[in-house]
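Counting starts at 1 for both ligands and their atoms, following the listed order.
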Amino acid sequence: MKRLLAFAFVPYMAFVAAGTEKATITLQPSGEAPVIAKEIYGQFTEHLGSCIYGGIWVGEDSPIPNTNGYRNDVLGAIRDLKVPVMRWPGGCFADEYHWQDGIGPKEDRPRMVNSNWGGTVEDNSFGTHEFMNLCEMLGVEPYISGNVGSGSVEELAKWVEYMTAEDGPQARRRKENGREKPWKLKYLGIGNETWGCGGNMTPEYYSDIYRRYATYSRNYGDNKLYKIGSGADAYNTNWTDVCMKKAGSMMDGISLHYYCVDNWSSKGSAREFDNDDHYWLMGKAFDIDTLVSSHSEIMDKYDPEKRVGLLVDEWGTWWDVEPGTNPGHLYQQNTLRDALVAAISLNVFNNHADRVRMANIAQFANVLQAMLLTRGDSMVLTPTYYVFKSYIPHQDARLIPLKVDTRTLSVRKGRTVPLVTASASEKDGITTISMVNISLDEPVEVTVNLDGAPVKGKKVEGNIITSDDIHDYNDFGMDEKVTMRPFRDARIKDGKLLLTLPAKSVVTLSL
Ligand code: AHR
């Protein structure tokens, strides 16, 4: 039976006749398709609020169970998520960070004011050794964001030498500070948001500066740096164009930052929103698809071979802070709605794996769209954490291109967004498909045409992330509301995978 959705209740949607929603997903042969870089599942950690202090690091003397100062519960979460790469120390903080203040005996480390983030006094107790050792212990690739805004070429050059040289003056200092062998460092960011908090530069000026900093960031021994230019803010394609033209030949990657915000002076609440806000957010999240395409197109002009990666090294939702918390600490809750944003975005990044080689959601703990929240010795895993967990099979798997036939919705700000988005990949003989249904009330009957799937299989299993209410979130002192549960309602029939995708859900299935 058809039901008409009343325009008055859903002003964000085109006037549509709704019945049983249907969508078809067709997997295409994956022949030449790229591998989905595991780094797309990367994290961002900044000296901001309690991302580092309290979120990851509590110090060796803390009553909170820890290993060498790192919280044990958080170490477990990093392992469980198979975090491939972590960006540090910022963000805006990186361009005021002077690494030499964060080495040597802790009691001698100078303090500084974290002027970007609430004026908090930073005691530098978490520095290069603490970050690099954390990454090494967990098998995570470190991604160092170098200070270009207020630091010198010499300072960055010496930092690279300190971390990666076997011998020489900086290696000697490192050894005196207790670390004999150099660490491995691949990812080096040359500045952050140099169009804004990282120096308010023009793209022309930054491109020249980039060339200088990149020149003196040397490869020591067999350590080979992957140098990343500070790329555009969201829709600023001119930035990408100028940087690629003037400095692209010296870059391995260029970044892109995209936050789901349209009005920076009133970003809205993480937990209190109406249906119109929900659908606006889905449209805003899906806009990353257009954005990645337009930046990639510009990069193609200068780099048709796609040697240079596009790294979305900051992305996610950014809400007004939770009432009563420090406005400079960017602490926000995380509902099922945020989880849908994560899944939509990860599907887009997977599908653009030919150009997108890394993405780092902002931020790992207690800040913006976090994986986890901590309070004292308690830790809460957010709905977004579970999306990252359910998408693990896509890490380093070969993309299976796909086509989704689904209804599109017209939402606020003149955007359109498909009701269902998806991505698929194959690894070790297992085909994995992730699907999102953004509808708040309509389940969607999905038919996945498996003709192009490298592995057809007869058995399907998977998981679902959903909850009764889109506003649901996980909080301290209560059972988890939004989590990952087994999904058993899919079957294979006549070479097709059939399932009903519940409203507001993320489902990942493996064949
Ligand atoms: O993630 C918070 C901030 O957002 C980062 O420090 C900065 O790079 C961006 O503006």
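Checked against the 6.0 Å centroid criterion, the rings of Y259 and W315 do not qualify as a close aromatic pair. Aromatic ring centres of F44 and W88: separated by at least 6.0 Å. Between H47 and F131, the ring center distance fails the sub-6.0 Å criterion. Between W159 and H98, the ring centre distance reaches or exceeds 6.0 Å.
Of the heavy atoms in Y259, only side-chain atoms (C-beta onward) come closer than 4.0 Å to ligand 1. Only the side chain of L368 comes within 4.0 Å of ligand 1, counting heavy atoms alone; its backbone N, CA, C and O stay farther away. The part of N192 lying near ligand 1 is the side chain, judged by heavy-atom distances below 4.0 Å. Residue W315 does not touch ligand 1, judged by heavy-atom distances below 4.0 Å.
Shown in contact with F44 at under 4.0 Å from a heavy atom are these atoms of ligand 1, numbered in order with element: 1 (O). The contact set between ligand 1 and Q363, taken as ligand atoms under 4.0 Å from a residue heavy atom, comprises 1 (O), 2 (C). Against a heavy-atom cut-off of under 4.0 Å, C92 is close to the following atoms of ligand 1: 5 (C), 6 (O), 7 (C), 8 (O).
Both tests pass for R337 against the ring of F273: distance under 6.0 Å to the centre and angle within 45° of the axis.
For atom 5 (C) of ligand 1, the nearest non-hydrogen atom from the set E314, R87, E193 belongs to E314.
When only interatomic distances are considered, the shortest N/O to N/O separation between W318 and ligand 1 does not fall below 3.5 Å.
Using a 4.0 Å cut-off between charged side-chain N and carboxylate O, R71 and D377 make no salt bridge.
Q333 contributes atom CD, which lies 11.0 Å from atom OG1 of T317 (distance to the nearest 0.5 angstrom).
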